Number of protein chains: 2
Amino acid sequence: MNSQSEEDYLKALYHLEMEFDSVSTNSIADYLDMKPSSVTDMLKKLAEKKFINYQKYKGTSLTKKGKLIALSIIRKHRLWETFLVDKLGFGWDQVHIIAEQLEHIKSEELIKNLDNFLGNPKYDPHGDPIPNKDGEIEKMNQKLLVELKASQKGIITGVKKGTASLLNYLDKEKVKLGDSIKVIEILEFDGTYIVEINKRKLTFSEKICQNLLLETND
Amino acid sequence: MNSQSEEDYLKALYHLEMEFDSVSTNSIADYLDMKPSSVTDMLKKLAEKKFINYQKYKGTSLTKKGKLIALSIIRKHRLWETFLVDKLGFGWDQVHIIAEQLEHIKSEELIKNLDNFLGNPKYDPHGDPIPNKDGEIEKMNQKLLVELKASQKGIITGVKKGTASLLNYLDKEKVKLGDSIKVIEILEFDGTYIVEINKRKLTFSEKICQNLLLETND
DNA sequence: ATATTTTTTTAGACTAAACTAAAAATTACA
DNA sequence: TGTAATTTTTAGTTTAGTCTAAAAAAATAT
C-alpha cells in the first residue's frame with residue numbers, strides 16, 4: 001500500500017509529464033510546494049519501488065507501473081469531483097480541495113460502486129476525461145470551438161483557464177459539459193458561430209469560441 | 001486542525017466511556033490495538049489540548065470540548081455508512097472499514113451537503129443514531145421487540161450483535177431499518193408476535209423478537 | 001575554456017506517532 | 001501489612017516525511 005505522500009508525488013509527476021517533456025526536481029518541488037531536497041528523498045524512494053526511472057541529476061519519468069498508480073488516483077479524484085458536483089450540489093470550483101482528500105481513500109469496491117452510481121461518467125465537472133479502471137484515458141483531441149469549421153462536431157469538455165464566468169453563462173443557456181455541439185454556420189464579418197446543441201440553435205461570439213474547449217474525434 | 005490519530009483516540013475514548021464507567025490506559029491500547037506506552041504519550045498530548053481530563057495513573061475522561069470532537073467524527077462515520085449502504089449498494093456489514101477512512105475527510109460543507117443528500121437520516125445502517133451537527137445525539141430508549149406488549153409501537157433500529165442473518169431475512173421481507181412497527185398481537189403458547197410494518201401484517205418468532213432492536217418513546 | 005550561476009544532492013536535524021525495555025506506581029492477595 | 005502481580009509511565013529508539021545548510025554537479029555566460 002502506498003502512502004498519501006507517495007500518491008501525491010506520482011500524481012504530480014503525471015501532470016508535469018503531460019505539460020512539459022522533461023520533469024526536473026525543482027519543478028516537482030514548485031508544483032507540490034516543497035523543498036527540492038525533500039523531492040530528491042522521495043524520488044529515491046519511488047525509484048526503489050520501481051514507480052519512476054531516476055538517475056541522479058538526470059531528471060525523472062514515470063514507469064508503466066507508476067503511471068498506472070497515478071492514473072488510478074486521478075480516476076478517483078475525478079469521480080469524486082463528479083459526485084460532489086452532480087450529487088451534492090457543489091459548484092465546479094469548490095470541489096478540488098475536497099477531492100484531493102477523497103482521492104486517497106483505499107477501496108477498489110468503493111470506486112467501482114461510485115462509478116456505477118454516477119452512471120459511469122466519462123468526463124469530470126471541469127471537462128477532464130476520467131480514466132477507466134485499467135488506467136485508459138480517452139485521448140481527447142482537445143480543440144477550441146474557434147478551430148472548427150462548418151458542419152464539424154465535438155463534445156463540450158470545458159473552458160480555458162480564467163474564464164469561469166463563461167461556465168456560468170453556458171449554465172444559464174442550459175448548455176452542460178458533455179453536450180454535443182455541431183457548427184452550423186460561421187459568419188464571415190465578425191466570426192460569430194451558429195451552433196446546434198441539444199437540437200437547439202445558439203449563437204456564440206468569437207470570444208466565446210476562443211475559450212470553449214471541445215473533444216473532437218479527428 | 002486535529003490529526004487523524006488524535007481523532008481516532010477521541011472516538012475510542014467516547015465509545016469506551018459509553019461502555020464502561022472508567023477508561024484505563026490499557027483498555028484504550030486494547031481497543032486501538034496499540035501499546036500502552038503509545039497511549040500514554042497521546043493522552044498527554046490530548047490533555048495538553050484540553051480534550052481530556054488526565055492525571056497520571058488516574059485514568060482519563062473526555063472534556064466537553066473533546067466529546068464534541070468525538071461526536072463530530074461519529075456523525076461523519078455514520079453519515080458515510082448511510083451513504084455507502086443507501087446510495088452505493090454496499091451491505092451493512094461491509095461499510096465500517098471504508099467509513100473509518102471517510103470520517104477523517106475535512107470539510108464542514110461536505111458533511112452538510114451529504115446530510116441533505118441522504119435526507120437528513122437519524123439512524124445509520126446498523127441502527128445507531130447519527131449525532132446532529134451540534135453533537136446532540138438522540139437518546140434512544142433502545143428496546144428489544146420482545147419487551148413490547150400488544151399495541152405498543154417502535155422504530156426498527158437494528159439487530160443484536162452476531163445476528164447478521166436476521167438482517168438478511170428482514171431485507172427479504174422488505175423490512176428496512178427506520179421502519180415503524182406496531183405490535184398487533186402476541187400469541188400465548190409460543191410467544192409469536194403478529195406485528196404491522198408498512199401496513200403489512202408480519203409474523204415474527206420469539207427468537208426474532210429477542211434480537212430485533214427498536215427505539216421507543218416511553 | 002574557465003568562472004559564475006543554477007540546480008540537485010547530501011548530510012544532518014526535527015516532528016509525529018509508533019515501538020521496546022525498564023522503572024515506578026498502584027492494586028491484589030495471602 | 002507486606003510482597004507479588006499488574007498497570008502505567010518514562011526513557012530511549014525507529015520510521016516517514018519534512019526541513020536547512022552546505023557540497024557537488026550541471027548549465028550558462030563572459
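Within every chain, numbering begins at 1; the chains are lettered A, B, ... in the order of the sequence lines, protein sequences first and strands thereafter. Since the model is a prediction, treat every value here as computed from it, not as a measurement.
Environment of CG in A:Asp134: crowded, with over 12 heavy atoms of neighbouring residues, nucleotides or ligands closer than 6.0 Å.
Residues passing the salt bridge (charged side-chain N to carboxylate O under 4.0 Å, His left out) test with A:Glu103, sequence neighbours excluded: A:Lys11. Annotation: salt bridge (charged side-chain N to carboxylate O under 4.0 Å, His left out) contacts of A:Lys160 (sequence neighbours excluded): none. In this view, B:Lys87 satisfies the salt bridge (charged side-chain N to carboxylate O under 4.0 Å, His left out) rule with no residue, not counting sequence neighbours. For the salt bridge (charged side-chain N to carboxylate O under 4.0 Å, His left out) test, residues two or more places apart in sequence or in another chain that qualify with A:Lys106 are A:Glu7.
A:Tyr9 has a side-chain polar atom (N or O) that falls below the 4.0 Å cut-off from OP1 or OP2 of D:dT18.
Rounded to whole angstrom, the span from the CE atom of A:Met34 across to the P atom of D:dA16 amounts to 16 Å. Straight-line distance from the NZ atom of B:Lys35 to the P atom of D:dT6: 16 Å, rounded to whole Å. Taking atom CG of A:Leu46 as the reference point, atom P of D:dA16 lies 13 Å away to the nearest angstrom. With rounding to whole Å, A:Glu48 atom CD is found 15 Å from D:dA16 atom C1'.
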Can you tabulate the close N/O pairs, meaning under 3.5 Å, that link protein atoms to atoms of nucleotides 8-14 of chain C?
from: C:dT8; atom 1: OP2; to: A:Asn26; atom 2: N; distance (Å): 2.9
from: C:dT8; atom 1: OP2; to: A:Asn26; atom 2: OD1; distance (Å): 3.4
from: C:dT8; atom 1: OP2; to: A:Asn26; atom 2: ND2; distance (Å): 3.4
from: C:dT9; atom 1: OP1; to: A:Tyr54; atom 2: OH; distance (Å): 2.5
from: C:dT9; atom 1: OP1; to: A:Tyr57; atom 2: N; distance (Å): 2.9
from: C:dT9; atom 1: OP2; to: A:Thr25; atom 2: OG1; distance (Å): 3.0
from: C:dT9; atom 1: OP2; to: A:Thr40; atom 2: OG1; distance (Å): 2.9
from: C:dT9; atom 1: O4'; to: A:Tyr57; atom 2: OH; distance (Å): 3.4
from: C:dT10; atom 1: OP1; to: A:Lys56; atom 2: NZ; distance (Å): 2.5
from: C:dT10; atom 1: OP2; to: A:Lys44; atom 2: NZ; distance (Å): 2.6

Mind listing the side-chain donor-acceptor pairs of residues 65-76 of chain B below 3.5 Å, one per line with the distance, residues two or more places apart or on another chain?
from: B:Lys65; atom 1: NZ; to: B:Lys49; atom 2: O; distance (Å): 3.1
from: B:Ser72; atom 1: OG; to: B:Ile69; atom 2: O; distance (Å): 3.0
from: B:Arg75; atom 1: NH1; to: B:Pro131; atom 2: O; distance (Å): 2.9
from: B:Arg75; atom 1: NH2; to: B:Asp115; atom 2: OD2; distance (Å): 3.3

